[in-house]
Amino acid sequence: MIESFANSSGQVRPRQQPRLHAVVFTEDQKSSKTYLEQCLLRTDGSVHLQVVGKGKHTVELVEDALTRLPGLEKNLANQLERAAKFSSAKGKKSLKKKQKARRVRFDQVWAVFDKDDFTDFDDAVKLSLKHGFCEGWSNECFELWYYLYTKAANDRQPIPRDDIFNYLTVHYGLQMRFRKHYRKLKGDAGLVFHSEMAKDDAGMENAYKRALALASSGYLKGKVPSARNPQTQFHRLMKLLSPGL
């Protein structure tokens with residue numbers, strides 16, 4: 001059965017069968033996790049993305065992801081087996097799909113974490129790459145992605161996360177709207193804000209171009225990830241969800 005969904009312009013598009021299965025492990029359970037879940041609501045379903053918010057950081061997050069991955073892949077295999085059973089009219093064809101499903105693995109595994117004040121940030125990047133994870137880290141924080149919606153960053157001028165939080169608070173009028181600084185933005189207020197950011201196509205396109213420019217910076221190139229401030233690899237994941245970027 002093909003479902004449908006409405007994009008930001010109200011146009012109804014058919015929901016596709018997943019062509020790619022991916023899982024994202026995020027260190028937080030609010031900002032980046034909520035944002036990704038809201039972005040997924042706008043996709044055509046061609047990418048099946050599971051978002052796992054862990055409340056763990058850097059190396060601890062990657063190690064926990066490695067521990068949880070086999071169980072998540074087993075669940076994915078079971079889901080695909082059930083889908084094969086109900087979508088096939090012929091027993092042999094269904095059985096063949098089930099056997100194939102038992103060997104399923106996620107096409108992509110992402111680790112989304114921030115540098116913040118952690119001293120094992122570079123170790124976390126190395127460990128994730130060693131195990132074939134896709135890069136989704138940010139220096140200093142995920143919110144650099146939001147910052148890039150409306151403001152370009154100088155590759156030679158590090159941006160402390162407090163400066164980013166203050167900028168978002170003022171630019172988006174969070175004190176007036178929610179009576180909260182960005183750092184305290186949780187619950188319903190956080191859901192509203194992250195949902196709005198997920199629907200801002202123009203801002204997202206700006207952020208992608210600016211993040212790509214930082215990632216291509218000759219000044220930052222060659223430095224260890226902990227020294228690449230400002231930089232975020234989050235644009236790579238967004239390209240997966242929004243191929244039109």
Applying the side chain to side chain contact (heavy atoms under 4.5 Å, CB included) test to [X], which of [options] qualifies?
| X | options | answer |
| --- | --- | --- |
| S32 | T26, V51, L237 | T26 |
| V52 | L61, V24, L72 | L72 |
| H21 | V47, L76, L49 | L76 |

Pairwise side-chain contact, [X] with [Y], heavy-atom cut-off 4.5 Å (strictly under):
| X | Y | answer |
| --- | --- | --- |
| L69 | E73 | yes |
| Y167 | T150 | yes |
| L144 | I164 | yes |
| F178 | V192 | yes |
| K151 | I159 | no |

Identify the two heavy atoms, one from [X] and one from [Y], that lie closest to each other, and give their separation to 0.1 Å.
| X | Y | answer |
| --- | --- | --- |
| P230 | P158 | CD-CA, 4.1 Å |
| L241 | C39 | CD1-CB, 4.3 Å |
| H235 | A215 | CE1-CB, 3.9 Å |
| K56 | E27 | O-CB, 2.7 Å |
| S138 | T232 | OG-OG1, 2.7 Å |
| A198 | R42 | O-NH1, 2.8 Å |

Crowded around [X] [atom1]? As in, over 12 foreign heavy atoms under 6.0 Å?
| X | atom1 | value |
| --- | --- | --- |
| K74 | NZ | no |
| R179 | CZ | no |
| K239 | NZ | yes |

Quick one: does any side-chain atom of [X] pair with a main-chain N or O of [Y] as donor and acceptor, under 3.5 Å?
| X | Y | answer |
| --- | --- | --- |
| Q231 | L214 | yes |
| R228 | K223 | yes |
| N166 | D162 | yes |
| E143 | F165 | no |
| T67 | E63 | yes |
| R161 | C141 | no |
| N139 | P225 | yes |
| Q233 | W137 | no |
| D28 | K30 | yes |
| H131 | F133 | no |

Calculate, to the nearest 0.5 Å, the distance between atoms [atom1] and [atom2] belonging to [X] and [Y] respectively.
| X | Y | atom1 | atom2 | result |
| --- | --- | --- | --- | --- |
| H57 | D114 | NE2 | CG | 9.0 Å |
| L168 | L185 | CG | CG | 9.5 Å |
| M238 | E205 | CE | CD | 12.0 Å |
| S46 | R19 | OG | CZ | 4.5 Å |
| D122 | K115 | CG | NZ | 8.5 Å |
| M197 | M204 | CE | CE | 8.5 Å |

- Task: Assert yes or no for the condition that the ring centre distance of Y35 to H194 is strictly below 6.0 Å.
- Result: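 Ring centroids of Y35 and H194 are no less than 6.0 Å from each other.
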- Would you say the ring centroid of F113 lies under 6.0 angstrom from that of F121?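 Under 6.0 Å, so yes.
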- Could you give me the CA-CA distance, side-chain angles and deciding distance for Y147 and D163, then say whether side-chain contact (heavy atoms from CB on, under 4.5 Å) is met? CA-CA 10 Å; Y147 180 92; D163 288 1; over 6 Å; no
- Query: When F234 is tested against each of W145, Y208, Y149 for ring pair (Phe, Tyr, Trp, His ring centres under 6.0 Å), which residue passes?
  - Reply: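 Testing F234 for a ring pair (Phe, Tyr, Trp, His ring centres under 6.0 Å) against W145, Y208, Y149 leaves exactly one candidate, W145.
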- Message: Using the rule given for side-chain contact (heavy atoms from CB on, under 4.5 Å), can you reason through L129 versus E135, listing the C-alpha separation, both sets of side-chain angles and the distance that settles it, and then say yes or no?
- Response: CA-CA 7 Å; L129 291 176; E135 293 184 270; 3.5 Å; yes
- Task: Classify the angle between the aromatic ring planes of Y146 and F193 as parallel (below 30°), tilted (30 to 60°) or perpendicular (above 60°).
- Result: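 Y146 and F193: perpendicular rings.
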- Given T58 and D123, is the side-chain contact (heavy atoms from CB on, under 4.5 Å) satisfied, shown in steps? CA-CA 8 Å; T58 50; D123 292 333; over 6 Å; no
- Query: Which is it for Q79 and H48 under the side-chain contact (heavy atoms from CB on, under 4.5 Å) test, yes or no, and what are the steps along the way?
  - Reply: CA-CA 12 Å; Q79 292 173 18; H48 167 229; 4.2 Å; yes
Common cluster, [X]/[Y], ILVMFWY with side-chain heavy-atom separation under 4.5 Å:
| X | Y | answer |
| --- | --- | --- |
| L191 | L36 | no |
| V112 | L20 | yes |
| L220 | V125 | no |

